[in-house]
Amino acid sequence: MCLIRKYKVNTNIRRNIMTEPELQKNLNRYYHLINILEKLVTSIEAAFLNDHRWFLYSTKITRKFIGHCKNLYINSSDAFVIEDGKEKIETQYIDIPGLFMNVRSQSDTYAILYHLFFDKTDWELRRLRFDLWRLDSIVGWVRQKNPFDYNEENNQINEIIDKILHNDVFKNLGESEKKFVFRNSNEIEKIFANWKFNLNKLTSKENKISWKEIFINSGLKGKMFENAHSFFSMYVHSNFFSVNHLINQSHEQTIKDKNFAITFSSFLIALTLDDFCASFEKGKEFASTITSLDLEIIKSFLIAARETEKIKYFA
């Protein structure tokens with residue numbers, strides 16, 4: 001895939017005018033960004049081969065994120081073949097709601113990645129969040145299984161609980177704060193693990209944090225969150241607007257919507273590249289090898305998406 005030689009991000013990602021050639025150029029850049037991120041993750045995994053330390057789970061979450069990105073790229077094609085008896089008819093098929101649902105999944109995956117691994121906070125606090133996140137997932141999985149068939153998961157649960165109880169940040173919390181993030185029990189149904197918290201809010205009445213707060217903390221510009229994440233959410237829950245979205249939709253509007261999804265996803269890729277390159281020495285080495293054009297593309301998306309003071313490596 002070739003890229004145009006000169007490139008500048010248009011921050012008004014839902015602008016009124018978008019042509020087919022412009023969309024194709026954006027798709028080419030998007031394809032290239034996905035490959036840059038995948039190469040970075042592969043280089044980090046190779047550097048830590050057979051290393052099972054907890055913070056390397058960040059690459060596994062990023063693999064999930066990359067999978068969503070690849071699906072978005074593939075599903076941006078309009079071609080669909082209808083078999084009508086012996087005849088095959090190629091027609092146009094545009095699943096805009098599906099693209100928006102995909103980007104919402106990308107958004108949530110990135111929010112978890114940042115909150116667990118890249119938040120500028122105490123190392124032990126991030127480890128505590130990670131263990132609570134693991135515990136919450138495993139307990140949720142066990143609740144769906146036969147109650148007499150979870151010996152393997154039970155060993156993991158006991159191991160994680162031990163790590164939580166011995167975590168220095170957890171040990172220094174007050175009793176009510178401890179209950180807000182973790183409640184242990186011999187009954188699987190009563191175990192409670194809350195990874196979605198900030199220390200500075202634990203003592204306040206409004207101690208719960210939202211997805212929006214996690215995003216804003218990552219440096220994503222507030223206006224961008226308001227204009228995009230809530231909009232994408234409507235397609236996850238299939239509200240009246242999203243069900244009727246395609247009725248009387250023009251071809252021009254379809255092109256604009258596809259570009260909206262691709263551009264917002266590109267913002268998330270740029271944020272992830274910035275996080276990894278700032279946090280891993282191997283990431284810094286990788287960043288030093290990319291071309292000047294790649295650097296220009298990454299920085300353009302990053303400047304458009306992240307508050308200036310929160311840009312880490314590509315400032």
Side-chain angles (χ1 to χ4, degrees), residues 44 47-48 50-62 64 108-145 147 150-220 271-272 275-276 278-283 309-310 312:
I44 291 173
F48 291 95
N50 298 320
D51 189 327
H52 301 292
R53 281 177 289 179
W54 70 275
F55 59 85
L56 294 170
Y57 212 87
S58 57
T59 61
K60 296 183 185 297
I61 296 178
T62 307
K64 182 177 186 295
D108 290 354
T109 304
Y110 173 73
I112 291 169
L113 177 70
Y114 183 87
H115 189 65
L116 298 183
F117 300 102
F118 299 123
D119 189 7
K120 287 187 176 181
T121 187
D122 186 88
W123 182 260
E124 277 291 288
L125 172 57
R126 278 180 277 172
R127 176 60 197 263
L128 176 59
R129 287 174 179 168
F130 172 73
D131 285 327
L132 290 165
W133 174 73
R134 277 203 305 160
L135 182 62
D136 181 48
S137 299
I138 295 173
V139 167
W141 170 252
V142 168
R143 287 170 182 165
Q144 309 304 317
K145 298 181 69 174
Y150 58 89
N151 287 333
E152 182 179 345
E153 289 90 345
N154 195 47
N155 290 334
Q156 292 184 59
I157 289 170
N158 290 333
E159 174 202 339
I160 297 169
I161 288 175
D162 184 67
K163 284 182 168 59
I164 292 170
L165 294 176
H166 286 87
N167 182 285
D168 288 338
V169 172
F170 182 77
K171 288 192 293 185
N172 289 327
L173 295 177
E175 289 305 313
S176 62
E177 295 168 339
K178 287 180 179 178
K179 289 180 181 179
F180 179 75
V181 299
F182 173 62
R183 291 194 292 274
N184 197 6
S185 174
N186 292 326
E187 299 177 48
I188 195 75
E189 294 292 334
K190 295 182 180 180
I191 293 177
F192 173 77
N194 174 26
W195 55 271
K196 213 162 52 165
F197 71 92
N198 283 332
L199 281 184
N200 58 4
K201 293 192 70 175
L202 283 180
T203 56
S204 67
K205 292 182 179 180
E206 298 294 328
N207 51 11
K208 293 182 179 180
I209 64 170
S210 64
W211 288 105
K212 177 179 179 179
E213 288 176 277
I214 293 176
F215 267 104
I216 299 303
N217 189 44
S218 76
L220 185 73
L271 294 174
T272 307
D275 293 332
F276 270 101
S279 302
F280 286 86
E281 285 301 319
K282 194 65 181 178
E309 65 274 12
K310 288 207 170 185
K312 301 174 182 178

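Count residues from 1 along the sequence. A quick note: this is a predicted structure, and the numbers were derived from the prediction, not measured.
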Legend entry - Within-4.5 Å side-chain heavy-atom neighbours: Asn194 and Leu132: no
Legend entry - Charged N-O contact under 4.0 Å between Lys179 and Glu175: no
Inset, instruction - Could you check whether the rings of Phe182 and Phe170 sit parallel, tilted or perpendicular, using 30° and 60° as the cut-offs? - result: perpendicular
Legend entry - Interatomic distance, Ile191 atom CD1 to Leu135 atom CG [nearest 0.5 angstrom]: 6.0 Å
Inset, instruction - Evaluate the criterion side-chain contact (heavy atoms from CB on, under 4.5 Å) for residue pair Phe55 and Arg126; output intermediate values, then yes/no. - result: CA-CA 9 Å; Phe55 59 85; Arg126 278 180 277 172; over 6 Å; no
Legend entry - Heavy-atom closest contact (Leu56 atom, Asp51 atom, distance): CD1-O, 3.4 Å
Inset, instruction - Kindly check if the number of other-residue, nucleotide or ligand heavy atoms within 6.0 Å of NZ (Lys208) is above 12? - result: no
Inset, instruction - State the CG-CG distance between Leu125 and Asp168, to the nearest 0.5 angstrom. - result: 12.0 Å
Inset, instruction - Considering non-hydrogen atoms only, spot the tightest contact between Ser218 and Lys310 and give its length. - result: C-CD, 4.2 Å
Inset, instruction - Please confirm whether the backbone N or O of Lys190 pairs with a side-chain atom of Arg183, one donor and one acceptor, at under 3.5 Å? - result: no
Legend entry - Mutual orientation of the aromatic rings belonging to Phe280 and Phe118 [parallel < 30°, tilted 30-60°, perpendicular > 60°]: perpendicular
Inset, instruction - Grab the two heavy atoms, one from Trp195 and one from His115, that are nearest each other, plus how far apart they are. - result: O-NE2, 3.2 Å
Legend entry - Any side-chain heavy-atom pair of Thr109 and Leu113 under 4.5 Å: no
Legend entry - Interatomic spacing from CG in Asn217 to NZ in Lys120 - rounded to 0.5 Å: 10.5 Å
Inset, instruction - Compare all side-chain heavy atoms of Arg53 with those of Phe48 and state whether any distance is below 4.5 angstrom. - result: yes
Inset, instruction - Could you tell me whether the side chains of Asn198 and Arg129 share a donor-acceptor contact shorter than 3.5 Å? - result: yes
Inset, instruction - Give the C-alpha distance, both sets of side-chain angles, the deciding distance and a yes or no for side-chain contact (heavy atoms from CB on, under 4.5 Å) between Lys64 and Lys60. - result: CA-CA 7 Å; Lys64 182 177 186 295; Lys60 296 183 185 297; over 6 Å; no
Legend entry - Spacing of NZ belonging to Lys178 relative to NZ belonging to Lys171, to within rounding of 0.5 Å: 9.0 Å
Inset, instruction - Return yes when atom CZ of Phe180 has more than 12 non-hydrogen atoms of other residues, nucleotides or ligands closer than 6.0 Å, and no otherwise. - result: yes
Inset, instruction - Without swapping roles, check the side chain of Asn158 against the backbone of Asn154 for a donor-acceptor pair under 3.5 Å. - result: yes
Inset, instruction - Can you measure from OG1 (Thr121) to CG (Asn200) and round to the nearest 0.5 angstrom? - result: 8.5 Å
Inset, instruction - Indicate the atoms forming the closest heavy-atom contact of Ile164 with Asp131, along with that distance. - result: CG1-CB, 3.9 Å
Legend entry - Residues forming a side-chain contact (heavy atoms from CB on, under 4.5 Å) with Ser210, sequence neighbours excluded: Lys212, Glu213
Legend entry - Closest heavy-atom pair and its distance - Gln156, Ile138: OE1-CD1, 3.5 Å
Legend entry - Heavy-atom side-chain proximity of Thr59 to Phe276 below 4.5 angstrom: yes
Inset, instruction - Could you check if a side-chain atom of Asp275 sits within less than 4.5 angstrom of a side-chain atom of Phe117, using non-hydrogen atoms only? - result: no
Legend entry - Nearest-0.5 Å distance that lies between atom CD1 in Ile214 and atom OH in Tyr114: 11.0 Å
Inset, instruction - Evaluate the ring planes of Phe215 and Tyr110, with Trp represented by its six-membered ring, and classify them as parallel (under 30°), tilted (30 to 60°) or perpendicular (over 60°). - result: tilted
Inset, instruction - Considering non-hydrogen atoms only, spot the tightest contact between Leu116 and Trp54 and give its length. - result: O-CZ3, 4.1 Å
